[in-house]
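A note on names: the letters A, B, ... follow the listed sequences, proteins ahead of strands, and every chain is numbered from 1. Note: hydrogens, waters and symmetry copies are ignored here, and every other heavy atom, side chains too, is used.
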Protein chains: 2
Amino acid sequence: MVDDEPKDGAVPVLDSTPPLRSVGFTISATGYAIARTFKEILAPLQLEPREFSLLRAVGAAEGQSQQTIGERLQIPSSRMVAFVDALEARGLLQRRQNPDDRRARALFLTEDGHELLERSFTAAAGHELNLTGELSPEERDQLLALLEKVGNRLGLAGGNSGRGHPALADE
Amino acid sequence: MVDDEPKDGAVPVLDSTPPLRSVGFTISATGYAIARTFKEILAPLQLEPREFSLLRAVGAAEGQSQQTIGERLQIPSSRMVAFVDALEARGLLQRRQNPDDRRARALFLTEDGHELLERSFTAAAGHELNLTGELSPEERDQLLALLEKVGNRLGLAGGNSGRGHPALADE
DNA sequence: TATTGTTATACTCTATAACTATA
DNA sequence: TATAGTTATAGAGTATAACAATA
């Protein structure tokens, strides 16, 4: 990490060697601010980011089992219960019986769930548009390409395909 | 956020309108991975990222009061107690009396504290070097400049000067 | 009366593992 | 015997507010 603003004489350690502004720190801090802002944007919809991720995962392929979705998002089964409970209690999704396996619960969005997911996407798109407001289309592509080079060093799949935000898995 | 990999027909909402890969999601996910990796890098030193931030803040200006440092890092006073307790118990920093105000505790690093902080800086620099391994110096500057443009939209100060990582403040 | 730091309490979140019903 | 989902329990982390010493 290493901070960007070296303090005077108190910490003589790395103030000369490393770059003045750290890429790691900057990405991390910016990413954190983005996540916080996104949370604020979802708040009026009464949705937490992880609930949005869950709704999105269900909506992306309805009828999958609770466990399948939990595995994709890397959420342990016991945590899934509470999450699904809350969204079901609000009438946003449903657990239905799977005729092939009566142990499994097939997840579906309700009408309200689809509607709220749609509004969330709109809000997210607005957020994205705001974030990139100072970037030309070329700069935007550049930025993504450069971030991918950093991501390569972290073992991140190019598109982060399928999986949700890594913060969901925690650790 | 909007994901990067639009799902087939199930979620027809924004699959056409927005860019395929979201800047917000990518920065956030990359930043999260960076923070997680940094945590792993500090682990052998038995230091958590926030403990590193605290040590660094103390080392940057020794003798400041616990409250002053807590305010800079945006850590509430009651949390500071436990953090400082832990580091003091490990002999990394000291609370000393302030002759001018006997309520306040002036914080200083011990010899061991300085040493560990130095090793942490070295580890952090190695992390940074690894992250930027695929970037030329020009690309690195480009990336920082582009991130700053995004940060402008989030009200982030250019250098994030003084303050630590925003994750410390939480919310 | 206000402020620095500490302690006590309650609350939220999570992980773990036991449990049920099906397979 | 194994698996999908649920429930129970205990632990960590935090915020809030009460508190003691000093200003």
Do A/Q97 and A/R102 meet the criterion of a side-chain donor-acceptor pair at a distance under 3.5 Å? no
To the nearest angstrom, how far is A/R105 atom CZ from C/dT20 atom P? 16 Å
Please pick, from C/dC13, D/dT6, D/dT22, the nucleotide with the shortest atom-to-atom distance to any side-chain atom of A/R50. C/dC13
Over 60° means perpendicular and under 30° means parallel, so classify the ring planes of A/F38 and A/H127, tilted if in between. parallel
Closest non-hydrogen contact found for A/G24 with B/E128 is N-OE1, 2.9 Å
Checking C/dT4, D/dA15, D/dG5 against the side chain of B/R79 (C-beta onward), the nearest is D/dA15
CD of A/Q97 versus P of D/dG5: gap in Å, rounded? 12 Å
Is there a donor-acceptor contact under 3.5 Å from the side chain of B/E118 to the main chain of B/E115? no
Contacts of A/R95 and A/R103 projected onto DNA chain D by closest heavy atom; the upstream (5') one is A/R103
Give the rounded distance in Å between these two atoms: CG of B/L73 and P of D/dT14. 14 Å
Given atom CG of B/D85 and atom P of D/dG13, what is their separation to the nearest angstrom? 14 Å
What integer distance in Å separates B/Q94:CD from C/dG5:C1'? 18 Å
Between D/dA2 (P) and A/D101 (CG): distance, integer Å: 17 Å
Measure the distance from CE on A/M80 to P on C/dT14 and round it to the nearest whole Å. 14 Å
How many whole angstroms separate atom CD of B/Q67 from atom P of C/dT6? 11 Å
Selected nucleotide, minimal atom distance to B/P76 side chain, candidates D/dT6, D/dT3, D/dA15: D/dA15
Looking only at heavy atoms, the pair that brings A/L45 and A/R90 closest together is O-NH2, 3.6 Å
Is any side-chain nitrogen or oxygen of A/Q66 closer than 4.0 Å to OP1 or OP2 of D/dA4? no
Touch class at under 4.0 angstrom, heavy-atom based, for A/S78 against every strand present: base
Between the base of D/dT22 and the side chain of B/R102, is there a donor-acceptor distance below 3.5 Å? no
Closest to side chain of B/F83, choosing from C/dT4, D/dT14, C/dT6: D/dT14
